[in-house]
Colleague: 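Quick one: this structure, given as structure tokens, is what I'll be asking you about.
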Amino acid sequence: MKIELIEKLVKLLSEEPKSIKELSEELNIGWKTCERYLKSLKNIGVVIEIKTKKERLFMYNRPRRAKLLTVPKIRVGTTFELTEPPSKPYEVEDLT
Amino acid sequence: MKCKLELFEEHKYLEEFGVEPYPVVQVKIYRSELKYAINTQALVDTGFDEALILSRPLGDFITNYVEKPDGFEELDAAGLGIPCDTYILDVFIANRWFRVKAHLPQIGNLGTIIGRKILNRLYLCLRGKENKLYLAKPFV
């Protein structure tokens with residue numbers, strides 16, 4: 001098994017659950033090969049298989065959690081002041 | 001190597017007894033349901049993956065106006081899960097508005113923290129030796 005392929009597969013699954021067809025297309029590998037990789041990853045608990053009526057989906061077993069590397073000792077921003085709301089519509093960069 | 005940034009907004013490091021000085025920035029927070037915009041300080045934390053953590057008092061204020069959270073997520077703090085309600089808020093910093101998912105811990109108070117999701121969109125100049133932090137922009 002190729003390590004790079006496994007890394008790519010796990011990365012894809014950590015973004016969202018995917019079917020074997022989707023994964024094999026994105027990774028440019030055969031359906032059977034992809035299934036074999038997924039079976040192995042499922043056996044060691046890295047991925048979970050979800051069966052739907054139409055297809056089998058695979059999902060990464062550890063949903064991503066945002067990390068806070070250290071919990072700060074200090075507490076900033078516990079006081080605040082209120083000001084007038086923005087008067088005009090403003091341009092916003094969406095990071096959600 | 002030469003730095004080609006133009007500094008345009010000065011912020012500072014706060015000092016407290018027994019704690020190494022820490023960089024903070026002034027931010028404005030707004031959401032349409034709020035009658036006001038909120039000016040507050042946030043700890044600059046490049047170790048935080050997401051955009052914003054709301055302090056308990058700030059969160060309590062916002063929940064007076066915003067009926068229910070937009071979502072729920074756990075933050076991972078050194079392996080421990082911190083359950084958080086999430087709110088979509090607009091944050092003003094460096095003359096730009098960002099729409100972000102802010103985390104409000106369901107228990108406790110971590111203070112207000114600004115993380116990499118916003119910081120990685122900005123130029124920051126940390127001058128720890130002078131206890132100053134600057135927002136910057138590339139020289140044109």
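Residue numbers start from 1 in every chain, and the chains themselves are labelled A, B, ... in the order their sequence lines are given, proteins ahead of strands.
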Colleague: A:Leu82 vs B:Phe61, test: side-chain contact (heavy atoms from CB on, under 4.5 Å). Steps then yes/no.
Modeller: CA-CA 11 Å; A:Leu82 302 175; B:Phe61 177 78; 3.6 Å; yes
Colleague: Shorter than 4.5 Å, heavy atoms on both sides: which option in B:Leu58, B:Leu75, B:Leu34 has the most such pairs with chain A?
Modeller: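 When all of B:Leu58, B:Leu75, B:Leu34 are compared, B:Leu58 has the most.
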Colleague: Using a cut-off of under 4.5 Å on heavy-atom pairs, state which of B:Val100, B:Val19, B:Leu110 scores highest against chain A.
Modeller: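 With the most close heavy-atom pairs to chain A, the winner is B:Leu110.
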Colleague: Heavy-atom pairs under 4.5 Å with chain B: which of A:Val92, A:Thr96, A:Thr79 has the most?
Modeller: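 Looking at each of A:Val92, A:Thr96, A:Thr79 in turn, A:Val92 comes out on top.
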Colleague: I would like to know whether A:Val76 and B:Ile113 meet side-chain contact (heavy atoms from CB on, under 4.5 Å); could you show each step before the answer?
Modeller: CA-CA 7 Å; A:Val76 177; B:Ile113 299 172; over 6 Å; no
Colleague: Can you get from B:Ile62 to B:Val91 by hopping between Ile, Leu, Val, Met, Phe, Trp and Tyr side chains that sit under 4.5 Å apart?
Modeller: yes
Colleague: Same cluster or not: B:Leu126 versus B:Tyr123, using hydrophobic residues (I, L, V, M, F, W, Y) connected whenever any side-chain heavy atoms lie under 4.5 Å apart?
Modeller: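 No.
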Colleague: Going through the distances and angles, do A:Leu95 and B:Arg121 end up as a side-chain contact (heavy atoms from CB on, under 4.5 Å)?
Modeller: CA-CA 10 Å; A:Leu95 306 181; B:Arg121 265 87 190 166; 3.5 Å; yes
Colleague: Work out which heavy atom in B:Gly111 is nearest to a heavy atom in A:Arg75; give both atom names and the distance.
Modeller: N-CD, 3.6 Å
Colleague: How far does CZ of A:Phe80 sit from CG of B:Leu54, to the nearest 0.5 angstrom?
Modeller: 10.5 Å
Colleague: So for atom NZ, which belongs to A:Lys8, do other residues, nucleotides or ligands contribute more than 12 heavy atoms lying within a distance under 6.0 Å?
Modeller: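 Result for NZ/A:Lys8: open.
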Colleague: At a heavy-atom separation under 4.5 Å, does B:Ala77 approach chain A through its side chain, its backbone, both, or neither?
Modeller: both
Colleague: Would you find more than 12 non-hydrogen atoms of other residues, nucleotides or ligands less than 6.0 Å from B:Tyr13 atom OH?
Modeller: yes
Colleague: First locate atom CD of A:Glu91, then atom CZ of B:Phe98, and finally report the distance between them rounded to the nearest 0.5 Å.
Modeller: 11.0 Å
Colleague: Report which part of A:Glu81 has an atom under 4.5 Å of a heavy atom belonging to chain B: side chain, backbone, both, or neither.
Modeller: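 Backbone plus side chain of A:Glu81, per the 4.5 Å heavy-atom cut-off to chain B.
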Colleague: Would a hydrophobic clustering, with Ile, Leu, Val, Met, Phe, Trp and Tyr connected at side-chain separations under 4.5 Å, put B:Leu52 with B:Phe72?
Modeller: no
Colleague: For A:Asp94, I'd like to know if atom CG has over 12 heavy atoms of other residues, nucleotides or ligands within 6.0 Å.
Modeller: yes
Colleague: Heavy-atom cut-off 4.5 Å, strictly under: side chain, backbone, both or neither for B:Ile88 against chain A?
Modeller: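 Side chain only.
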Colleague: If we define contacts as heavy-atom pairs under 4.5 Å, which of B:Asn109, B:Ile118, B:Val27 has the most with chain A?
Modeller: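 Counting heavy-atom pairs under 4.5 Å, the top option is B:Asn109.
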Colleague: Got a sec: does the CD1 of A:Ile44 have more than 12 other heavy atoms crowding it under 6.0 Å?
Modeller: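 Counting neighbours around CD1 of A:Ile44, more than 12 heavy atoms of other residues, nucleotides or ligands fall under 6.0 Å, so yes.
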Colleague: If two hydrophobic side chains count as joined below 4.5 Å and joins carry through other members, does B:Leu14 share a cluster with B:Leu133?
Modeller: no
Colleague: Count I, L, V, M, F, W, Y as connected when their side-chain heavy atoms are under 4.5 Å apart, and connections chain through other members. Are B:Leu119 and B:Phe8 then in the same cluster?
Modeller: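 Same hydrophobic cluster.
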Colleague: Counting only heavy atoms from other residues, nucleotides and ligands, does the tally under 6.0 Å from CD of B:Glu67 exceed 12?
Modeller: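 Counting other residues, nucleotides and ligands, CD of B:Glu67 stays at 12 neighbours or fewer.
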Colleague: Using the six-membered ring wherever Trp is involved, compare the ring planes of A:Tyr90 and B:Trp97 and label them parallel, tilted or perpendicular (cut-offs 30° and 60°).
Modeller: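 Ring orientation of A:Tyr90 relative to B:Trp97: parallel.
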Colleague: In terms of heavy-atom pairs under 4.5 Å with chain A, which of B:Thr86, B:Asp76, B:Thr112 leads?
Modeller: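 The residue among B:Thr86, B:Asp76, B:Thr112 with the greatest pair count is B:Asp76.
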Colleague: Can you tell me which of B:Lys101, B:Arg96, B:Glu16 forms the most heavy-atom pairs within a distance under 4.5 Å of chain A?
Modeller: B:Arg96
Colleague: What part of B:Ile53 is in contact with chain A, defined as an atom under 4.5 angstrom from a non-hydrogen atom: side chain, backbone, both or neither?
Modeller: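 For B:Ile53, side-chain heavy atoms alone lie under 4.5 Å from chain A.
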Colleague: Are there over 12 heavy-atom neighbours, none belonging to B:Glu130, within less than 6.0 Å of that residue's CD?
Modeller: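 Count over threshold, so yes.
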Colleague: Counting only heavy atoms not in B:Phe92, do more than 12 fall under 6.0 Å of its CZ?
Modeller: yes
Colleague: Using modelled atom types and a 3.5 Å cut-off, is there a donor and acceptor pairing between side-chain atoms of B:Ser55 and backbone atoms of A:Gly77?
Modeller: yes
Colleague: Check B:Arg99 with A:Glu93, please: is the shortest side-chain N to carboxylate O separation under 4.0 Å?
Modeller: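 No, this pair does not count.
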Colleague: Is there side-chain contact between A:Thr83 and B:Lys28, with heavy atoms separated by less than 4.5 Å?
Modeller: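 Yes. Closest side-chain heavy atoms under 4.5 Å.
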